[in-house]
Amino acid sequence: MKKYTSTFKLAVLAAVTPLLFMGCASTNTKVENNAAVPASKFDLSQWKINVPVDLNNDGKIDTIDVEEIQTYAHPDFFYLDEQGYMVFTSPNKALTSANSTNTRSELRQMIRGSNTKIKTKNSKNNFALAVHPLSERFGSVGGKMEATLKVDHVALRAADPNKKAAYSVVVGQIHAGKDQALIDTKLGYGWGNEPLKIYYKKWPGHKTGSVFWNYERNLPKTDPNRTDITYPVWGNTWENPNDPADMGIALGEDFSYTVNVHGNVMHLTFTAQGNKDVNYSINLGNNVDAYGKVDYKDHPHGYAADWHYFKAGAYNQCSTKSSKGIWYPGCLGTGEWALDKQNGDYAQVSFKKLVLSPSTKP
């Protein structure tokens with residue numbers, strides 16, 4: 001494990017100390033409907049959710065905080081189905097969160113629970129790596145997320161199907177905090193990058209889809225080396241147009257993942273009936289990749305001084321935007337949910353299990 005030089009550690013301490021207590025207000029939206037409430041079966045005491053609607057007419061995607069989610073469901077985008085799965089649905093075209101062209105119905109970890117006196121960006125509401133020089137001030141050091149889920153549907157139509165993001169959905173994440181004040185320290189943190197995104201991608205007409213995960217180099221958006229490094233699980237990675245067939249995971253087929261961030265190391269375990277278990281470990285506090293090789297293009301200290309949180313649900317990668325870059329496949333969608341559902345222009349993911357807990361030693 002790499003250690004900080006004393007000069008670097010002092011610089012980090014000076015930079016992040018005033019940032020640990022900063023926060024931002026959330027948007028609270030109460031919704032009433034007849035859909036079954038996911039919190040009646042799942043422990044959502046440390047989750048809030050973004051849903052791709054604006055029922056309070058404030059021009060922003062609705063955010064349902066921890067207290068409200070205990071009695072909340074949306075009949076189209078977030079509900080408990082008859083089999084007891086927690087369902088997340090995300091159309092190709094709908095309201096999106098700030099700085100994103102992708103829609104989502106997705107949970108965000110809230111370590112604070114219902115204590116809104118602790119702001120969203122506050123250190124007590126997020127977790128740090130053990131190497132963080134002020135790790136004891138965070139809600140936790142590391143943490144674990146365990147999930148069993150199935151992907152019911154991915155978007156069927158893309159104007160540029162060869163863009164990597166087409167026909168895919170992210171079903172689990174670790175997000176580093178986007179923090180302009182931290183960016184301004186020039187230490188190379190606060191960009192809001194993602195050390196983990198777990199993907200499912202299925203091309204139209206294929207028998208099965210592929211599961212893989214991405215690590216994003218912790219670099220500024222303007223750095224051409226800021227890109228996603230892809231690691232296979234079952235089937236292919238996202239650029240391969242071949243049918244994974246029996247090596248992949250079918251729509252409606254359960255699979256599981258465990259994300260265990262213990263100390264500085266992220267341990268990943270993927271299981272599915274009939275498929276081999278897949279395991280990875282990567283130190284998030286340095287620039288050694290999941291194969292044990294130094295990535296000289298990454299930040300030398302990885303995500304060491306960032307703050308982090310888990311996410312889970314359906315983060316639809318089939319953006320309707322057509323532009324340069326892998327993220328903009330120009331997927332079809334009208335913004336009218338009934339029509340978009342009929343045309344297959346949406347992603348849907350259903351969770352059988354979703355549990356947060358402290359990290360455990362592997």
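As a basis for the values below, the full set of heavy atoms in this structure was taken, side chains included, without hydrogen atoms, waters or symmetry mates.
Using a distance-only test at 3.5 Å, with no hydrogens or angles considered, no donor-acceptor pair links the side chain of Asn283 to the main chain of Val265.
Ring pair Phe270/Trp234 is perpendicular by interplanar angle, where above 60° counts as perpendicular and below 30° as parallel. Between Phe310 and Phe127, the two ring planes are tilted [angle within 30° to 60°]. Using bins of under 30°, 30° to 60° and over 60° for the plane-to-plane angle, the ring pair Tyr303/Tyr215 lands in the perpendicular bin.
A donor atom on one side chain and an acceptor atom on the other are not found under 3.5 Å apart for Thr320 and Asn92. With no hydrogens or angles considered, no side-chain donor-acceptor pair links Ser90 and Ser105 at under 3.5 Å. One side chain, Asn214 or Thr230, offers a donor N or O that lies under 3.5 Å from an acceptor on the other. In the model, Thr258 has no side-chain atom that pairs as donor or acceptor with a side-chain atom of Asn260 under 3.5 Å. Checked by atom type, the side-chain pair Lys144/Thr360 shows a donor-acceptor distance below 3.5 Å. Using modelled atom types and a 3.5 Å distance limit, the side chains of Asn102 and Ser319 yield no donor-acceptor pair. Asn218 and Asn193 share a side-chain donor-acceptor pair at under 3.5 Å.
Interatomic distance, CG of Leu107 versus CE of Met86, reported as 5.5 Å (0.5 Å rounding). Rounding to the nearest 0.5 Å places CG of Asp254 at 7.0 Å from NZ of Lys150. With values rounded to the nearest 0.5 angstrom, His175 atom NE2 is found 13.0 Å from Gln109 atom CD. Taking CD1 of Ile69 as the reference point, atom OG of Ser114 lies at 12.5 Å (rounded to 0.5 Å). Remark: His132 NE2 to Phe138 CZ distance equals 4.0 Å, nearest 0.5 Å. Between Asn126 atom CG and Arg112 atom CZ the span is 9.5 Å, to the nearest 0.5 Å.
Taking hydrophobic clusters as Ile, Leu, Val, Met, Phe, Trp and Tyr residues chained together by side-chain heavy-atom distances below 4.5 Å, Trp203 does not share a cluster with Val151. Hydrophobic clustering, with ILVMFWY side chains joined whenever heavy atoms are under 4.5 angstrom apart, groups Tyr280 together with Ile282. A continuous path of hydrophobic side-chain contacts links Met145 to Leu149 [ILVMFWY only; heavy atoms under 4.5 Å].
Here the side chains of Asp223 and Lys297 are not in contact, with every heavy-atom distance at 4.5 Å or above. Counting heavy atoms from C-beta outward, Lys353 and Glu146 have side chains that approach closer than 4.5 Å. The closest side-chain heavy-atom distance from Asn50 to Glu106 is not below 4.5 Å. Looking at Ile49 and Leu44, their side chains never come closer than 4.5 Å, going by heavy atoms from C-beta outward.
Sorted by first and then second residue, the disulfide bond (SG atoms under 2.5 Å apart) pairs with a member in residues 320-362 read Cys318-Cys331; sequence neighbours excluded. For residues 338-362, every residue pair satisfying the ring pair (Phe, Tyr, Trp, His ring centres under 6.0 Å) rule, not counting sequence neighbours, is listed here: Phe88-Phe351, His153-Tyr346, Trp337-Tyr346.
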Could you go through Thr269 and Asn279, starting from their C-alpha distance and side-chain angles, then the distance that decides it, and tell me whether this counts as side-chain hydrogen bond (donor to acceptor under 3.5 Å, both in side chains)? CA-CA 5 Å; Thr269 301; Asn279 299 279; 3.0 Å; yes

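Checked against side-chain contact (heavy atoms from CB on, under 4.5 Å), Lys164 has the following partners two or more places apart in sequence or in another chain: Trp238, Glu239, Ile326.
In Lys41, the NZ atom is crowded: over 12 heavy atoms of neighbouring residues, nucleotides or ligands sit closer than 6.0 Å. Under a cut-off of 6.0 angstrom, the local environment of CD in Glu253 is crowded, with over 12 non-hydrogen atoms contributed by other residues, nucleotides or ligands. For Gln273, the CD atom sits in a loose shell: 12 or fewer heavy atoms of surrounding residues, nucleotides or ligands are nearer than 6.0 Å.
Ion pairing of Asp179 with Lys121 is absent here, as no side-chain N (NZ or NE/NH1/NH2) approaches a carboxylate O to less than 4.0 Å.
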